[in-house]
Engineer: 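Shown below is the structure under consideration.
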Amino acid sequence: MALGRPRSSLYRCGVGVGMAVWDAGYHGRSQSMLTVYNTNGFRVQQNARVAQLVFMEMTGLSEGYKGIYQGENL
């Protein structure tokens, strides 16, 4: 499983990223929400690094994700 977190450089620019938990067994290209609090706006360059995933190994048994979003945006 993994947790998505915004990069700290975004916070310094007045920008936040909202993300969900990536369930074990999920594969696909997920989505997130970029929220701009900076009154001057914010411009994202193509291929900019805006988030990072923190992976965690699960020690218990898991069937893995089998929901309707499996394979989304591929």
Side-chain angles (χ1 to χ4, degrees):
M1 67 159 295
L3 300 174
R5 302 296 304 153
R7 294 178 63 91
S8 61
S9 55
L10 285 182
Y11 284 137
R12 290 192 290 272
C13 295
V15 179
V17 178
M19 288 175 270
V21 172
W22 274 259
D23 294 321
Y26 170 81
H27 70 272
R29 185 175 297 165
S30 189
Q31 298 175 357
S32 60
M33 181 172 54
L34 187 76
T35 305
V36 179
Y37 301 103
N38 187 334
T39 57
N40 295 316
F42 182 76
R43 186 174 295 205
V44 180
Q45 293 181 353
Q46 186 174 351
N47 298 321
R49 296 177 181 176
V50 296
Q52 51 201 349
L53 290 177
V54 179
F55 289 92
M56 293 177 221
E57 183 177 355
M58 298 180 63
T59 58
L61 294 176
S62 172
E63 291 183 22
Y65 181 77
K66 291 182 176 44
I68 63 172
Y69 298 106
Q70 189 70 284
E72 73 179 320
N73 298 320
L74 292 178

Engineer: When rounded to the nearest 0.5 angstrom, what distance separates CG in Leu74 from CZ in Arg29?
Structural biologist: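 If I round to the nearest 0.5 Å, the distance is 7.0 Å.
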Engineer: Using atom types as modelled, flag every donor-acceptor pair under 3.5 Å from a side chain in residues 33-46 to any protein atom, sequence neighbours excluded.
Structural biologist:
{"residue": "Asn38", "atom": "OD1", "partner": "Asn40", "partner atom": "N", "Å": "2.8"}
{"residue": "Asn38", "atom": "ND2", "partner": "Cys13", "partner atom": "O", "Å": "3.1"}

Engineer: Establish whether Val15 and Tyr11 are linked, either directly or via other cluster members, by ILVMFWY side-chain heavy-atom contacts under 4.5 Å.
Structural biologist: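 Hydrophobic grouping puts Val15 apart from Tyr11.
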Engineer: If we check side chain to side chain contact (heavy atoms under 4.5 Å, CB included) with Met1, which of these qualifies: Val21, Leu53, Val54, Asp23?
Structural biologist: Val21
Engineer: Which pair of heavy atoms, one from Met19 and one from Ser32, lies closest together, and at what distance?
Structural biologist: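 Closest approach of Met19 to Ser32, heavy atoms only: CG-CB, 3.3 Å.
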Engineer: With sequence neighbours left out, what residues match Ala24 under side chain to side chain contact (heavy atoms under 4.5 Å, CB included)?
Structural biologist: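 For Ala24, the residues satisfying side chain to side chain contact (heavy atoms under 4.5 Å, CB included) (neighbours in sequence not counted) are Met58, Ser62.
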Engineer: Side chains of Met56 and Leu3: closer than 4.5 Å at any heavy-atom pair?
Structural biologist: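 Met56 vs Leu3: side chains touch.
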Engineer: For Arg12, check side chain to side chain contact (heavy atoms under 4.5 Å, CB included) against everything at least two apart and list the hits.
Structural biologist: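 Here the qualifying residues are Ser8, Ser9.
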Engineer: Name all residues meeting the side chain to side chain contact (heavy atoms under 4.5 Å, CB included) criterion together with Gln70; count only those two or more places apart in sequence or in a different chain, and write none if there are none.
Structural biologist: Tyr26, His27, Tyr65
